Structures are given as structure tokens and as C-alpha cells.
Amino acid sequence: MATMAQAIRLALHHAEREMGVRDIFGQDVGPPLGGVFGVTQGLETAWNTPLDERGIIGTAMGLAMAGQKPICEIQFVDYIFNSIDLMKLAGNSAWNSAGQFPMQMVLMSPTGSGIHGSIYHSHSFEAWAARLNGWKVVMPSDPITAYGLMLAAVEDPNPVLYLIPKALMRVEGKELLPEEPDKKTLKAMIDAPLGDRGEWKPRWPAIPRFITPIGQAHVVRGGEHVSIVSFGRMLWVCLKAAETLQQEGISAEVIDLRSIIPYDWKTISKSILKTGRVMFVNEDTDIVNYGEHLLRRTIDAHFYDLKARPRVLGGEPVPGIGLAETLEDASVPQSGTVVQAARDMMEENT
Amino acid sequence: MATMAQAIRLALHHAEREMGVRDIFGQDVGPPLGGVFGVTQGLETAWNTPLDERGIIGTAMGLAMAGQKPICEIQFVDYIFNSIDLMKLAGNSAWNSAGQFPMQMVLMSPTGSGIHGSIYHSHSFEAWAARLNGWKVVMPSDPITAYGLMLAAVEDPNPVLYLIPKALMRVEGKELLPEEPDKKTLKAMIDAPLGDRGEWKPRWPAIPRFITPIGQAHVVRGGEHVSIVSFGRMLWVCLKAAETLQQEGISAEVIDLRSIIPYDWKTISKSILKTGRVMFVNEDTDIVNYGEHLLRRTIDAHFYDLKARPRVLGGEPVPGIGLAETLEDASVPQSGTVVQAARDMMEENT
Amino acid sequence: MDRALRLQFHDLMVKTRALELRMIAMVRSGDGYFWIGGPGEEAVNVALGLQVRKGEGIDYDYLLLHYRNTGMLMAMGIPLIDPIRLMRSTATDPFTRGRSFSGHYAYKPFNILPVTSPIGTQFGVAPGLALAQKRAGSKGVTIVIGGDAGAAEPDFASGLIWATRPGRELPILFLITDNSLGISTRKDQVWAMEHISDRAKPFGIPTRVIDGNDPEASHAALGEALETVRRTGRPYMIDAKVSRLYGHSSSSGTNLEPGEDPIARYEKKLVDEGIATPGELKAVHERYHAEALAALEQVRLEPFPAPHTLYDHTFVPSPVDLVYGERYFNPNRGD
Amino acid sequence: MDRALRLQFHDLMVKTRALELRMIAMVRSGDGYFWIGGPGEEAVNVALGLQVRKGEGIDYDYLLLHYRNTGMLMAMGIPLIDPIRLMRSTATDPFTRGRSFSGHYAYKPFNILPVTSPIGTQFGVAPGLALAQKRAGSKGVTIVIGGDAGAAEPDFASGLIWATRPGRELPILFLITDNSLGISTRKDQVWAMEHISDRAKPFGIPTRVIDGNDPEASHAALGEALETVRRTGRPYMIDAKVSRLYGHSSSSGTNLEPGEDPIARYEKKLVDEGIATPGELKAVHERYHAEALAALEQVRLEPFPAPHTLYDHTFVPSPVDLVYGERYFNPNRGD
Ligand SMILES: Cc1ncc(C[n+]2csc(CCOP(=O)(O)OP(=O)(O)O)c2C)c(N)n1
Ligand SMILES: Cc1ncc(C[n+]2csc(CCOP(=O)(O)OP(=O)(O)O)c2C)c(N)n1
Ligand SMILES: [Mg+2]
Ligand SMILES: [Mg+2]
């Protein structure tokens, strides 16, 4: 089973071979390293940049305006904050020029906590990203979606931010990519060896193109009592909670949003109408949180349909995530938090 | 009656004279211009910087860590987006160093629409700002509060972002500052002359110190039927709406938040419990909007106390505000929008 | 130098000035909200505009402009009426459809990338365009322009770094238009060096300081620079000293400020050298003054953008997007 | 040179190395999550640390460090156990109380400002500190350190600009520790110049390239630089060539990489010149190895931060804040 890093690498390979991508670039993205998580190992068009996020995004914008479909990486999303102005420009280019200069580019970046990354390698970005009008924002939670979403991101003629939950980078998928070789073979084919990589060349399996559309959520687990909407690493936390809840007789429907902007309101709405109870779970800090937007949409559309107060579970509003495990765990929702919130909702009004 | 620009100037003068401020700086902040809105004319410690927002904020951070209580300006908040990383560092310094290095500084910047500023001079910042954990964020809506909040911002030992609604910069207050000279005298004393300012020196009236505490909202207009929570330029839009509503027999309570982080939940909560209907109005774009956070807090605390669905009115989620008046007006809430929302709330459930 | 070319310099400089003065007057008459432009920079702008390899796409020069380059547009043959449409923010404005400020052009047929207000960002975008050009074997150059004060923004340094990666040098012409002022901040309050272009030297970029008020000298220097970049595929920097005659923008009053007027100077030269008579030169002013006024009168009849156009072009239609794929909307409006 | 000083160089370099190796081992033994540090940079670090005017407040040097400066801390007399506490993220970590990474110090008694991961930002902060020092008539210098790759970040240029405003030059010692690598990116893939410090030249900043693996040469050059900055109140840049012996960080495996070892080289010199015997030198290693191990054993007994300390120090108590004035809380938790 491919890991998420491998799945994205396969997608990037497909993009450079079949979709006209000619630049996959960022800090340490090219040889010899192929990315700090190995995502870009062995790619033909991967290259190393100066240590300059502004230059990376600016160059991607220039390449995009010259029609080159660039894919750039910010090594950790924690380091994107010196370039928000450029992201705003990328997001306004088509609008500002009345359609003359669209900005077809992909910006990918590892996001979120879960690897003891401490204050500068644990940041979430979804709430910030959702405010960048003109950008689309996606985040896979498993390798197969990582593949399909990357192809969609490359194909979409707008700037797409592709957030990778860094803690899932090395997690294997449960579902195989189409025509995926077995695990060992895949590794031997596409993972760079440790040590000297001077002579190494990957052998690429032929994975057929498939697209996970932008704006399509996935009901990962059906349920009747409470809807849990999440994405990325938190999806797995929610699924774990759903199992616990099942044992208590609470049936939770778990939705993987996959696309943050735009998001699949139809699927959320349908679920809310079924269960009457909804909670939005993410690990970004929770004063002005993306889940609060979803809550607002819920209130706008379903205020009178709800059986219990809807919830947002987010990260603690502190300036960073501490290195000590005690601190990291206390900073972001845990499955116990989700379980408790669901129980509370079930007991409300009874 | 002092304008907001004058009131802030008087407060800055007080800060440099009485509170130990030694640097008020930013692009064109020093002589001869004294700021693009004239806010810093004639101040003793005002100086011009390179055209480099990162350098401005970085230097302020350095000065703050050396205990200097700097006040820096970003000329328009539209230009702050290349420095969000630095703002995050300023916000995390005390936390990251376990209290060793607090960051006492004020960053002031004009914000919002209303002066035909088009795409790069109309931006709102409150939702972004509220996410910068470790910062306090305030925004006055009239000159007297502008004075009191500036003194509070200078006094507070944390980084404080002081947002100035640019469209109100030249609007005169209804209330006099304590011991404020009459309008003409004040102008003659502290407004720099047009043309050559080489010889000009201001004469400062003695305005006594007073503080508008951070975290204290102001009920500008009492009412029974619906609570309207706003701040800055939008407050006046809401007050205008409240007058229209009054004529229709709808009594609106209008609250000026003044502090965005932290915000005065007690006052909001009390009002909601009274009216059962609440709307949050601001002009920032409305996907992941600060008003959505207030809505979430409302749902958390008062879901079962509401008589009608609570509302958020924000700006349209597009990449910028267009220059043409038609576009600007359609981009941000107008008093008609507020009136209509209040009417709808009154009719709901009847 | 060719007489026709010299008269063309003059003609285009005067055309540009007439247009700028009309736009300044539009602020006063309420026909526009805000003006920013380049009176005092006509010489270097016209000299450059005439030498751009103009057209659409990778084979042509890409232009990343400052907001004072109206003279380039005139030299490139863009109708005088179009900047007036931008200035009045009409629906007919071909650059932004009423969305952005005067001087902030975007014009695809000539590879004029959107001029963005955040100072300096164009320098960070240039390497991407130039990389695409170089890889395509194009003869196009990426021309990027900025002021003296704005060189303190981060992207100026990024531009230098990315243009000179060893073995991957890029065909970029950097042009600094140095009027020795930010809005009100003097260059000597900020910069340790006399010529900002000195900063390019450690990067091995050839630099040349020119008199940007002299259209002939500017034309020659820019021509040589462009030719060098096209030939070598490597960057070059021109540092042009220019004037700022009507203040920073309409926010600072647009009164005439002290400074050498490149047009007056050139007219003296043309007269002294017997190329034209004062009367002939004056006639050029009058013609463009009238043309600009007539253009404004026409533009006054043109509509403003309809409010509902607000959402247009936020996203390009996408076949892989199930929500915003065909049409963008405000999710909070419940559509 | 003084024999005692030479032995002190050696002692501190070895102490630093023993500490670094212990911290590397801590990742493998599960006593810490992440290591980053400076094996290969001991010489220049020790040489600088010994000459810092150390203390708290404006009268002393301010230190804006890179994450490879553990050697400076050792030379300044910070107990060896404290970096181990940081590495293990215990509640006893005096720098961050378990919040930040190894190498990311913050220590008020010695004016060590918080080391922040976002590369380069320290260069933009330095001018504020130096301005305060200069204005106070302090003899303190602001010392700011960064790597070769990181000089591509915007703040490096900001630092140069703000340090050299005419008539307002600032007492900043810039130190580049050039190991010719970013994480995996070679300097020659990025930089057009051999010495990054060439970029300071157009700003009129004196620069000096030194062998950062030689403690004596480093000591002399840094001493001279510091003295010059203290005397003139103007900036100076040292460009020190150093080694990176155990890879970028624990993420890249911490295997020994090729490169000159400043300690081995210095030991050879000390032996050759009869300053010490191999046995004496080896004993120093053994002593610090044991000390580092004992320190870890003690630190293992120390507690991790309690979860509720999460909120501590988000805000400093404020007399003018009615909501967060005394205590910060999560508004969404309803307290
Ligand atoms: C990032 C950013 N900061 C501030 C401003 C406000 N501003 C507009 S023009 C200007 C001065 C520009 O000076 P210079 O680069 O020399 O260009 P000039 O106007 O003199 O041609 C400033 C500060 C801006 N537009 N963008
Ligand atoms: C803004 C930012 N971008 C990227 C990173 C990730 N990163 C950490 S260290 C490093 C390389 C730094 O190289 P250099 O400046 O030469 O210092 P060295 O590690 O070689 O001492 C990178 C890319 C970061 N920490 N901050
Ligand atoms: Mg200028
Ligand atoms: Mg390095």
C-alpha cells in the first residue's frame, strides 16, 4: 500500500509526464534529497530553490502567468507567513485583470501537528487559507485521495493550495491506487536509497489517471445520530471516536471534507438533516476558525432543523504548540474530546 | 471637535511626553509629511523608515525587546501581509520564552473601505488579526475612544494592533476630549500647514490622560428587539440602520465592540439575553470571518436563548474591493442590508 | 540620430503628459477618485516602450511595470482613451473593468502583467516569467521596473538572487526609476549608497546609471541593455534618474513640484538644433490636450460596472470542481 | 597566544561537542524528539562566546542567534545540563519550559533573545535592539548570526539596509556561518558569489572572511570586529567558513558527514606545538562525556510540563485590559 508521500510522488510524476508540468520546486525538493518528506524523490522536473519562500511563490506566479502550470512547495506551512501578500496577489490576478491573467499553479505544503514539531513545525493553515479569496484549498486524508486530489489541483486552472497532513505522510493507505504494485515492489521502484543517490533512477509504475474532484466530500462512515465533519489528520481522530461511540450505541456519521474551499455543502447539509446534530472538528486554533464558518453556514441554513447545539472543536488559541507531548496533546482535539462532545449532544434535550 | 487623526496625534504626543515612548515610526511618518493621513504630524519622536514593512515590524520587535515601547505604523493594513510571520513571532515571544521576553509594542494601521481605495487600499484585517494569538486588537469608531484606546495600547505590556478605520480619519467626534480646545484653535495648534513645514512646530494643548480599557464594549444605543454588534466604520452604518428601524417600531441595541481581541462578551451576552436576536456586522470578507467567531460563541452560550436565527453580515468573499462605486458599495454591508436583516429577524417565528 | 525618431520621442512624451494632466484634472472634476502616474518620467518610458518586443505570450517581452509607466503604453500604441477609462473606473476599462487604480495596468495582448500596488512584488515574479522564456528559447526579455524607495522591499533582493543562480541566469532587464523619493521620504534618509543598482554588483549583474530625463540617451542605453539580455540570456540593470513633477499621487495634492522637466528640456534641444520650431512643438501639446479632453468626454458617456459583476473572474471555470466549477457564488448567501 | 586561553578554547569546544553528541544520542534513545545543533562550528562559537559582553539589558550585548550556537552558550558559562533540559522538553528547561526545539534558546540573564525557527528573521530584529543600544550610549553590540542559505530570506537585506541608514548607522555585528549548505541544497546552486558577505559591500559595511574552524584566528577576528563596532557604533560583517559534521538535524539522520573537524585539527596543533599531550586532550573528552551523561540521567528524573501550563505567558498581565488583564483563557471554553 502506498504511503501518502508515495501517492503524491506518483501523482506528481503523472503530472510531469502527462499534464505538462515542467517545474516542481522548493527548498530541497530536487536531488539529492527530494523533499524533507521524500515526496519529490526521483521526479524529473524537481529542482532546488534558494531559501526564500517569497521567491518561490513569486517565481511560481511568474511561471503560471507564462502558462507553465508550476507546482511549488513551501517546506512547512509554518513558513508561508512571510508570503501571504503574494498569495493574495496570486488569488486576485484573474479578478484584478478581469480574467486576462488567471494563475494556474499548485502550492503544496505539509501542515498540522502530530510529529512533535513544536512551535514552528505544527502549524495549521486552513483558516488562513480559506480567507484567501481566489484560491482553492484541499487536504487529503489518505493516499488514494492524495493522488486524485493532486491531479485535480494540477488540472484546475486556478491557484490551488494542497495541504498535506504531515503526520500522515508515511501512513499507508487502506485502498490501493489503481494498478498499484505491491508494497515492496513499489518501494524498490520509487523510493530513493539511503546514502549516495548519484546513480539512482526511479522506475515508475503505470498508475492510470484518476481525479478526485475538488468540492466533493466523502462520507467515510454512515451514521444516524450525529454528524462529524473533519479532514486531514483529524479525520482519523474522529473515526476512532466514532468507533468508541458505536460501542455506546451512538451512531456517528463521519464526513471527510477533502476540499476546504470550496466545500461540499450538499453532503454536509444532507447529513445534518438526517442526524440533527453536527460537530466540526479541526486542529487549527479556534478563535476565528474554519469550523466556525461551517457552523455559521449551518446556522444560516439549518437553525431550525437542529436537535442539539452544533459544535466546533478546534485547537487551543495559544501562540504555538509546545514540544512536550503533554503540551501538544492538550493543544489539539483528541478522540476523547470528540467522544465527549457527541455524548453531550445526545444527552442535550433528553 | 477633534478628528480621529487629531485625537490619535494627541494621544501619541501624550505617549511620547508622559509614557516613555521614544519611537513612532513607519513610512512617511516623520517630517515633512507626518503620515499619509497626518496622524503623526509634529510629533517629536516620529521618524521615516525605509519602504520595508518587514524591517518596520522587525525593528519594533527589537526595540520592544530592549524595553523601548515602540509605536510603529504600517501605512495601510493592505501592506501588512508580507509580515504575518513577524507578527506571529511578536505574538509568541512571551509564550515561547516562558515569560522572559514580552513584546510591549503598538502597531497601528489604517484599515477598511469607504474611501474608494480600490483593491489595495480597502482591506479589512480583523479576522486575520484575531487569529494572531498573543496580540490584542482594538479599533476605535470615534475620536474620543481613539484617544483612550491608544493610551491603553501603549500601556498594555503586550503587542497591540491598533486598527484605524481610514474612512473615519477626518470625521469629527461628537464628544470633546477632556479640555479640548475649540476646533479652530486646535487646528491652528496641531495641524501642519500646507506647503513648507520647515519652520513649523506644533503647540500641544494639555489633554489629560484617560484610558479606554481594552476589552470594554460600549452600548452606543440601547434597544429591546435586536442586538447589533459592530465596530469601526461599520458602527456608523449600523447606527444609521437603527434610526431607520426605530421609525418602523423596531428598537435596536447597538454595541460598539472597540476591542476585537479580547472582546467584551459580558456586554454582548447581556444584550442577547435581553433581545433574543443578534447580528454581527463587519466589513471583512465573510468566509471565515470574525463575526462567525462571535456567532459561534453565541451558539455555544445562547443557542437555547435565541428568538430568531442569529446573523453575520460581512463583506463579499471576493479577492478585492473594486474601485468603481458600484462595486465598492456592493462589496460591504450597507445600512439597508442591516435594516433588512433586522426586519427579517423580527418576522421570523411570528 | 534620426529626425523622425526624435520627433516621435517628443510626440509620445507630450501625448503622455497631456494624458497625465487630463487624469490629474479628472480628480479635481470628480471624474476619478485617485491618480498616480509618471509626469517627469516620460523620456525613459517612451524610450523603453518603443523598443519593447511587444505581443502576447512567451515569444514576446513580459512587462512587470511600476505605476508610473503610462509613457510606455503610449509608446507601445495603446489608445489614449484607455487609461482614461481606467481612471474613471468604467465598465469599458480594458485593463481591470473598473476594479483597480489609474496607472495599474493589465493588458494581455502586450504581455503587460497586472500592476499591483504592494511595492516591489514584481521583482519576485520576474524570474518565473524569464525562466519560461529562456527554456522556450524565446527572444523575449522580462522587463521589471520599480522605484528607488521600493528597492527596500524584500522582492528586490529575491529578484537579484533568482536571476543569477549559477548556470541558470535569467533574461531579465531590471529598470530602477530613481526619483530619489518615496512618498515623502528622501533617498538619503534611507540608502547608504548613491546608486541602488550598486546592490546588483555582488551578483555579477552589469549595471548602468543613466539620465532618464534624456530620451535619446535612454533610448541608446536601453536598446543596448535589451540587446545584451536577448543575446546573453542574462540579467542587466539600468538605473535611471528621473523627475517627479506633480507629487507622489493625487493624495499629495498634484501641485507642480521642483524638478527638471524632460519635455521642456528636450523641446529646447529640438529648437536649438533646428529640428522643430516652438510653434510646431506647441501644436503637439494642443493636439493631445484636445484629444485627451475629447476622450474624457466620450468616457463620461460609458457605464460603470454593474454591481453583480463583482464576482466575475474570481475563479476561472474548472472541469474538476463540483462546486465553483461553473460559477462562483457567496456560500453565505445560500445560493 | 596565551596557553591557558588555548586550553580553554579546547576545553569549551570539547564540552560543546560532548553535549551535542549526547543530544544526538537522546533522539536515538527516545529522550528527545528532535535535534539540531552545531558540531563542526565549535571553534567560531567558542571564540565569540568568550568575547561577548554578557549580561541582562541594554548595557550588554544582545544576541540574536542561529540554532547552531550551543558553543557560544558553553563559552558564556551556561550549565551543560540546561540544553539537555531543552532537548528533553522538561518543565525545568530554563529557555522555553518545554515549548521549543533544541538549539532554540532564550535566556534573559544573558540577553539571548528567543531563537526562532523561521530562518532569517533575526536580521530584521537586530536594528531595533542596536538602535536602543546606540541611543542609550551603551557599549553593547547587537550580534546577529545566520547561515549561508538563510541569507536569501528577506530579512538579511533588511538588516543591511536598516543598519546603514546615512547618519544613523547601527552597532551590529553580523556573523554568517557559512557551511556552504542549506538542508541539502548546495551554496553553488543558489549563490552567484563565493562570499555572501559581498552583499554588504555596497552598503559600506566592512566585511571579513575568516576560517571559522580555527579558534585562534576566529577569536582574533571577532575581537577586532567587536572592538570596531563598539568604537564606531557602525556595523561589521564576519563571514566564517565552518563545517557541518553530523548533517542538518536529526531529521537527516545525524550520521557523520565529510568535513574538517575543528576539534581534531586544533588538537593536532596543540600536540604539535607541545601545549598538551594526546592523553590530556582525551581526558577532556572523557570528562565531558561523563558530565553530559550524568546530566541526562538527572534530567530524566525531571517532570514534563503540566498540560494546563499551555496558556501560561500567552499574555503578560495588564492593568488596562478588563478581559485578559489578569489571566488568559479560551473564550470558547466558556470560562
Ligand atoms: C508594500 C507597500 N508598502 C507601502 C506602499 C505605499 N506606497 C505607495 S508608493 C510608495 C513610495 C514608492 O516609492 P518608490 O519605490 O521610490 O517609487 P516612486 O513612487 O518614487 O516612483 C509607498 C510607500 C505600497 N504601495 N506598498
Ligand atoms: C523561513 C524558513 N524556511 C524554511 C525553513 C526550513 N529550514 C530549516 S534550516 C534550513 C536550511 C538553513 O540553511 P543555512 O541558513 O545555511 O543554515 P545552516 O543550517 O546551514 O546552518 C531550512 C530550509 C525554516 N526553518 N524557515
Ligand atoms: Mg522614488
Ligand atoms: Mg548553511
Side-chain angles (χ1 to χ4, degrees), chain A residues 22-23 47 49-50 52 54-68 70 82-83 85-86 88-89 91-104 133-134 136 151-153 155-158 211-216 259 261-266 293 296-297 300-301, chain C residues 57-58 62 64 93-100 104 106-109 111-116 118 121-133 135-136 142 154-155 157-159 161-162 165 168 309 311-325 328 331-334:
Chain A
R22 308 189 59 176
D23 300 276
W47 52 277
T49 67
D52 174 15
R54 298 185 63 76
I56 292 169
I57 298 179
T59 297
M61 290 166 64
L63 285 164
M65 291 200 282
Q68 309 286 298
N82 62 10
S83 303
D85 60 325
L86 297 176
K88 287 175 71 74
L89 296 186
N92 80 22
S93 181
W95 187 89
N96 176 35
S97 64
Q100 295 182 88
F101 291 101
M103 194 64 84
Q104 180 167 9
N133 294 309
K136 300 182 181 180
L151 265 48
E155 183 109 338
D156 197 286
N158 297 284
I211 294 255
T212 303
I214 293 176
Q216 189 179 57
S259 287
I261 297 289
Y263 53 88
D264 182 353
W265 175 246
K266 278 193 194 133
H293 170 70
R296 175 254 179 98
R297 185 97 188 250
D300 277 1
Chain C
I58 208 162
Y62 282 116
L64 287 159
D93 147 27
F95 308 111
T96 79
R97 305 275 168 214
R99 288 171 177 186
S100 198
H104 290 59
Y107 195 64
K108 194 169 161 94
N111 277 353
I112 300 177
L113 288 308
V115 175
T116 56
T121 55
Q122 65 273 27
F123 290 107
V125 173
L129 291 156
L131 170 57
Q133 285 172 318
R135 181 158 64 197
T142 294
D155 308 286
S158 293
I161 296 169
W162 288 69
R165 292 185 303 135
R168 297 179 168 81
T309 64
Y311 277 90
D312 296 353
H313 307 297
T314 297
F315 288 106
V316 179
S318 162
V320 295
D321 180 336
L322 301 187
V323 181
Y324 292 164
Y328 178 57
N332 297 323
R333 292 285 137 80

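Please read these numbers as outputs of a predicted model, since none were measured by experiment. Just so it is clear: chains get the letters A, B, ... in the order the sequence lines come, proteins before strands, and each one is counted from 1.
- Proximity to chain A (any heavy atom under 4.5 Å) is restricted, for C:D312, to the backbone atoms N, CA, C and O.
- Contact between A:L63 and C:G128 at its shortest, heavy atoms only, is CD2-O, 3.3 Å.
- Of the two parts of C:T314, the backbone and the side chain both hold a non-hydrogen atom closer than 4.5 Å to a non-hydrogen atom of chain A.
- A:Q100 touches chain C through backbone and side chain together, each having a heavy atom under 4.5 Å away.
- Every residue two or more places apart in sequence or in another chain that forms a salt bridge (Lys or Arg N to Asp or Glu O under 4.0 Å) with A:R296 is listed here: A:D300, B:D286, B:E292.
- Contact annotation for A:I56: both backbone and side-chain heavy atoms come within less than 4.5 Å of a heavy atom of chain C.
- Residues A:R22 and C:L131 fail the side-chain proximity criterion, which asks for heavy atoms closer than 4.5 Å.
- Counting heavy atoms from C-beta outward, C:N332 and A:H293 have side chains that approach closer than 4.5 Å.
- Between A:N158 and C:Y324 there is no side-chain heavy-atom pair separated by less than 4.5 Å.
- Contact annotation: the side chain of C:V316 never approaches that of A:M103 to less than 4.5 Å [non-hydrogen atoms, C-beta and beyond].
- Taken from CD in A:Q216 to CG in C:D321, the straight-line distance is 11.0 Å, to the nearest 0.5 Å.
- A pairwise comparison of heavy atoms in A:N96 and C:P114 identifies ND2-CB, 3.7 Å as the closest pair.
- Under the rule for a side-chain contact (heavy atoms from CB on, under 4.5 Å), the partners of A:A152 that lie at least two apart in sequence or sit in another chain are A:I211, A:I214, C:V320.
- Scanning both residues, A:F101 and C:L113, for their nearest heavy atoms gives CE2-CD1, 3.6 Å.
- Most heavy-atom pairs under 4.5 Å with chain A, from the set C:R135, C:R165, C:R97: that is C:R135.
- Contact count versus chain C (heavy atoms, under 4.5 Å) is highest, among A:G134, A:S97, A:A64, A:P213, for A:G134.
- No donor-acceptor pair closer than 3.5 Å links the side chain of A:R54 to the backbone N or O of C:D155.
- Atom-to-atom distance recorded for A:M61:CE and C:T116:OG1 is 7.5 Å, nearest 0.5 angstrom.
- Proximity to chain C (any heavy atom under 4.5 Å) is shown, for A:K136, by both the backbone and the side chain.
- With a threshold of 4.5 angstrom between heavy atoms, A:A94 approaches chain C through its backbone and through its side chain.
- Residues C:P317 and A:P157 approach most closely at O-CG, 3.2 Å, considering heavy atoms.
- Contact record, A:G55 with C:W162: C-CZ2, 3.4 Å, taken as the closest heavy-atom pair.
- Heavy atoms closer than 4.5 Å to chain C are found in the side chain of A:D85, but not in its backbone.
- Nearest heavy atom pair, residue A:Y263 against residue C:V323, reads O-CG2, 3.7 Å.
- In this structure, C:F315 and A:P262 have side chains that are not in contact, with every pair of non-hydrogen atoms separated by 4.5 Å or more.
- Residue with the most contacts toward chain C among A:G215, A:G99, A:S259, A:S93: A:G99 (heavy-atom pairs, distance under 4.5 Å).
- Annotation: maximal heavy-atom pairing with chain C below 4.5 Å, among A:E155, A:K88, A:Q104, occurs at A:E155.
- Neither the backbone nor the side chain of C:F123 comes within less than 4.5 Å of any heavy atom in chain A.
- Contacts between A:D156 and chain C at a heavy-atom distance below 4.5 Å involve backbone atoms as well as side-chain atoms.
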